[in-house]
Amino acid sequence: MAVTMTTPLLEVVNPATGVPIQSVPAQSREDAQAAVSRAREAQPAWAAMPFSERKRALRRLAHRLATDPEVVPTLMRESGKPRFEAEAIEVLYACEMTRFATGRAGRLALRDEVRNPFLFPWKRASVLRQAVGVVGVIGPWNWPLLNNYGDAVAPLAMGNAVVLKPSPVTPLTSLLVERLWREEGLPENVFQVVVGGGEIGEALVDSVDMVFFTGSQATGRKVAQAAGARLVPCVLELGGNSPMVVLGDADLERAARAAVWSGFAHSGQVCIRTERVIVESSVHDRFVERCLALTNALRQGHDDPDEDRELDVGAVTFAPQMERAERQIAQARGAGARVASGGQRRPEIGPGFFAPTVLVGVTPDMDVSREETFGPVLPVIRAANADEAIRIANETSHGLSAAIWSGDGRRAAELARRLDAGTVCVNDVLVNYLCVEAPLGGIKASGLGVRHGIEGLRQFCRIKTVVQDRRLARGVSAFAGRHLQFPYKRRVLRVLEWVLPRLYR
Ligand code: NAD
């Protein structure tokens with residue numbers, strides 16, 4: 001894109017320091033539509049390539065993501081997350097998703113399937129899966145690589161072109177990936193990035209053949225309406241309010257570690273994070289005590305990519321999340337909850353830091369229990385027993401993820417069936433996101449469709465069925481055709497009347 005004196009610039013700020021990192025041109029609706037047109041021209045050749053060539057291309061890019069010295073620092077600077085999360089979550093995920101989508105599962109997802117029609121055994125119905133065309137991937141700010149290019153990998157592997165719109169808060173990693181795509185000599189216009197806010201997202205939804213959206217419920221509803229008006233498919237990966245249920249027989253040390261990690265990883269800005277811990281009364285106090293000790297030991301700070309520090313908790317990427325946390329904490333305190341750790345910003349570290357906060361005495365009716373926080377607040381709710389814990393866990397309009405902890409694996413697996421969530425971890429947290437072989441998506445108001453698994457790959461394909469005579473069956477087919485088509489004959493009906501009740505008992 002040519003930058004002129006009048007092109008508006010979008011300033012990207014390091015949330016840990018508040019210092020601007022880089023200004024990038026904000027594109028217009030017309031730019032977004034032009035990108036879709038270019039993608040539409042480039043897509044047929046990409047889809048026509050043998051799968052093995054697309055695999056080679058996408059794996060070359062994954063290798064570049066794993067080795068290029070700019071990737072991790074860019075991720076750290078624009079999101080404020082520690083190096084560990086940039087490298088061991090975001091980069092690992094993009095590479096793993098590429099391995100999966102371009103491996104056996106990808107090949108299988110695209111393979112034709114033959115079905116045998118019961119009524120016409122002389123025919124075969126071939127189910128073909130073909131790329132949809134141009135997929136618009138719209139991403140959030142919390143994972144600039146994982147939920148942006150990471151979500152473009154599956155549609156690309158299936159032969160689609162992708163136009164990616166990252167959040168205007170964190171567009172730099174996506175722009176870097178687009179540059180690496182070009183530097184690696186991958187096919188032009190098959191993967192493009194457009195930068196801007198909601199209006200650019202709207203322009204994409206108005207022009208692509210399919211939308212893959214990750215973000216808030218409010219925006220997801222708008223996207224679904226706009227896609228519905230055009231009758232183009234859309235997949236929505238929305239917010240959560242994920243519970244972690246800790247039963248009396250759980251390994252409390254492991255459970256407390258998992259609660260603290262899944263509550264405060266990326267300062268709580270993780271869609272499947274533990275938003276509420278519901279603990280059986282018999283172990284509540286011991287569990288809270290351990291959580292507090294672990295929380296107070298967290299090393300929070302600005303992980304500057306130019307320095308070599310070991311830190312656990314970084315900055316809040318999007319400042320309004322801190323206001324949300326403050327509002328929920330104040331409401332909970334007013335209603336009787338107690339801040340057992342944290343509870344306020346940490347300006348002495350930088351403008352984007354909020355202390356990891358443990359809230360105790362929380363009840364299911366408080367805002368912090370009912371709404372998504374998406375920030376570093378871990379509310380602990382006491383439950384009398386397992387039944388009450390499950391009931392509280394399900395008292396939400398969200399249904400993204402859940403976790404259940406018990407020393408009795410069989411009982412936990414049974415209770416997992418009763419939790420209203422797209423995925424449930426037993427005696428673990430967050431790892432479901434990296435089990436890319438299995439589908440992951442929200443139920444209730446947490447989304448439509450899934451990412452991951454062969455299901456997640458196939459949704460980027462159109463289904464086409466081709467019905468054809470089997471070899472050597474042309475004569476039977478012609479005979480059947482003569483009796484089923486015009487002119488209708490009573491004697492065919494008489495045969496049918498004899499057959500029907502015998503066939504469908
Ligand atoms: P958001 O809804 O504000 O924005 C998401 C994206 O949509 C951005 O790129 C934004 O510019 C774009 N957008 C805004 N208005 C649009 C419109 N009218 N049409 C099309 N696009 C539009 O969400 P956010 O604040 O960036 O992300 C945080 C939310 O994302 C949280 O609720 C979190 O739980 C959710 N999330 C979910 C998952 C998941 O897998 N389910 C993963 C990560 C984040």
Side-chain angles (χ1 to χ4, degrees), residues 10 15 26-27 29 32 78-79 81 89-90 93 97 136-148 150-152 154 163-171 173-174 193-208 211-230 232 234-242 265-275 316-321 323-324 371-375 396-401 421-423 430 432-434 436 439-452 456:
L10 204 141
Q27 284 157 296
R29 287 184 68 93
E78 71 173 341
S79 70
K81 60 172 56 101
I89 301 181
E90 298 229 43
Y93 177 85
M97 199 50 211
V137 175
I138 301 177
W141 44 258
N142 58 325
W143 298 113
L145 181 62
L146 173 145
N147 277 144
N148 284 272
D151 282 336
V163 180
L164 164 67
K165 193 204 88 63
S167 165
V169 181
T170 54
T173 305
S174 296
V193 174
V194 290
V195 173
E199 67 295 350
I200 304 301
E202 284 172 17
L204 269 195
V205 178
D206 284 347
S207 47
V208 292
V211 184
F212 189 100
F213 173 84
T214 304
S216 64
Q217 276 175 11
T219 314
R221 284 205 165 87
K222 290 187 202 161
V223 169
Q225 277 170 3
R230 291 188 58 228
V232 296
C234 74
V235 175
L236 304 174
E237 301 290 347
L238 309 178
N241 188 7
S242 305
H266 190 19
S267 278
Q269 303 157 110
V270 178
C271 56
I272 57 168
R273 74 180 286 261
T274 296
E275 284 269 333
V316 171
T317 306
F318 188 49
Q321 295 308 124
E323 288 157 29
R324 191 181 176 81
E371 302 169 0
E372 182 183 45
T373 306
F374 214 54
T396 168
S397 59
H398 300 73
L400 191 56
S401 187
T423 48
L430 305 187
N432 43 342
Y433 212 100
L434 279 162
V436 296
L440 179 133
I443 60 169
K444 294 172 151 180
S446 286
L448 292 175
V450 293
R451 52 163 64 85
H452 303 168

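Just so you know, residue 1 is the first one in the sequence shown, and it goes up from there. Each ligand, and each atom within it, is numbered from 1 in the order the structure gives.
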field: Between OG on residue Ser242 and CD1 on residue Ile272, distance to nearest 0.5 Å
entry: 7.0 Å

message: Within ligand 1, which atoms have a heavy atom of Gly198 less than 4.0 Å away?
response: 11 (O), 13 (N), 14 (C), 15 (N), 16 (C), 17 (C), 19 (N), 22 (C)

- request: Name the option, out of Asn241, Asn142, Val169, that contains the heavy atom nearest to atom 44 (C) of ligand 1.
  value: Asn142

Side-chain heavy atoms of Tyr93 within contact of Val436, under 4.5 Å: yes

- request: In sequence, state the C-alpha distance, the side-chain angles, and the governing distance for Thr173 and Glu78, and then conclude on side-chain contact (heavy atoms from CB on, under 4.5 Å).
  value: CA-CA 8 Å; Thr173 305; Glu78 71 173 341; 2.5 Å; yes

query: Relative to the heavy atoms of Ser167, which atoms of ligand 1 are at a distance of less than 4.0 Å?
result: 9 (O)

Heavy atom of Pro168, distance to ligand 1 below 4.0 Å: yes

statement: Under 4.0 Å between heavy atoms, the region of Ile138 that gets near ligand 1 turns out to be side chain

- request: Quick one: closest heavy-atom pair of Ile443 and Ala421, and the distance?
  value: CD1-N, 3.4 Å

query: Could Arg230 and Asp206 be called an ion pair, given the rule that one side-chain N must be under 4.0 Å from one carboxylate O?
result: no

statement: Between Cys271 and Leu400, the two heavy atoms sitting closest are O-CD2, 3.4 Å

- line: Closest to atom 31 (C) of ligand 1 among protein heavy atoms sits Glu372 OE1, 3.6 Å

task: With side-chain contact (heavy atoms from CB on, under 4.5 Å) as the test, would you mind laying out the steps for Asn148 and Val137 before giving the verdict?
output: CA-CA 7 Å; Asn148 284 272; Val137 175; 5.9 Å; no

- line: For atom 9 (O) of ligand 1, the closest protein heavy atom turns out to be Gly139 O, 2.7 Å

- prompt: So is Gly442 in contact with ligand 1, going by heavy-atom distances below 4.0 Å?
  reply: no

- request: Identify the protein heavy atom lying closest to atom 11 (O) of ligand 1, giving its residue, its atom name and the separation to 0.1 Å.
  value: Lys165 NZ, 2.8 Å

message: Under 4.0 Å from a heavy atom of Glu237: which atoms of ligand 1 are those, numbered in the order shown and with their elements?
response: 37 (C), 38 (C), 39 (C), 40 (O), 41 (N)

message: Suppose we measure from atom 21 (N) of ligand 1 to each protein heavy atom; which comes out shortest, and what is that distance?
response: Gly201 CA, 3.5 Å

field: Shortest non-hydrogen separation from Lys444 to Thr396 and the atoms involved
entry: NZ-O, 2.6 Å

Per-residue contact class, Ile272 against ligand 1 - non-hydrogen pairs under 4.0 Å: neither

- request: Start with the C-alpha distance between Leu10 and Val195, add both sets of side-chain angles, then the distance that settles side-chain contact (heavy atoms from CB on, under 4.5 Å), and finish with yes or no.
  value: CA-CA 9 Å; Leu10 204 141; Val195 173; 4.1 Å; yes

- request: Tell me whether the centres of the aromatic rings in Phe374 and His398 are closer together than 6.0 Å.
  value: no

- request: Would you check, one step at a time, whether the test salt bridge (charged side-chain N to carboxylate O under 4.0 Å, His left out) holds for Glu202 with Lys222?
  value: CA-CA 9 Å; Glu202 284 172 17; Lys222 290 187 202 161; over 6 Å; no

message: Below 4.0 Å, non-hydrogen atoms only: which portion of Pro166 touches ligand 1? Side chain, backbone, both or neither.
response: backbone

field: Part of Gln217 with heavy atoms under 4.0 Å of ligand 1, whether side chain, backbone, both or neither
entry: neither

task: Report the part of Leu400 in contact with ligand 1, treating N, CA, C, O as backbone and CB onward as side chain, heavy atoms under 4.0 Å; options are side chain, backbone, both, neither.
output: side chain

- prompt: If you measure every N/O of Asn147 against every N/O of ligand 1, is any gap under 3.5 Å?
  reply: no

- request: Can you sort out which atoms of ligand 1 are near Val223, meaning under 4.0 Å from one of its heavy atoms?
  value: 19 (N), 20 (C)

field: N-O pairing of Arg324 and Glu372 below 4.0 Å
entry: no

- prompt: Between Met97 and Ala154, what is the shortest heavy-atom contact and its length?
  reply: CE-CB, 4.1 Å

statement: Ranked by distance from atom 35 (C) of ligand 1, the top protein heavy atom is Gly215 O, 3.3 Å

query: To the nearest 0.1 Å, how far is atom 36 (N) of ligand 1 from its closest protein heavy atom, and which atom is that?
result: Cys271 CB, 3.7 Å

message: Walk me through whether Asn142 and Thr317 qualify under side-chain hydrogen bond (donor to acceptor under 3.5 Å, both in side chains).
response: CA-CA 7 Å; Asn142 58 325; Thr317 306; over 6 Å; no

query: Which part of Phe374 is near ligand 1, with near meaning a heavy atom under 4.0 Å away: side chain, backbone, both or neither?
result: side chain

- prompt: Please state which protein non-hydrogen atom is closest to atom 40 (O) of ligand 1 and give its distance, to 0.1 Å?
  reply: Arg451 NH1, 2.6 Å

- prompt: Mind checking whether Phe318 has a heavy atom under 4.0 Å from ligand 1?
  reply: no

- request: Write out the residue and atom name of the closest protein heavy atom to atom 13 (N) of ligand 1, then the distance separating them to 0.1 Å.
  value: Thr219 CG2, 3.6 Å

- prompt: Against heavy atoms of Phe213, which atoms of ligand 1 measure under 4.0 Å?
  reply: 2 (O), 5 (C), 6 (C), 7 (O)

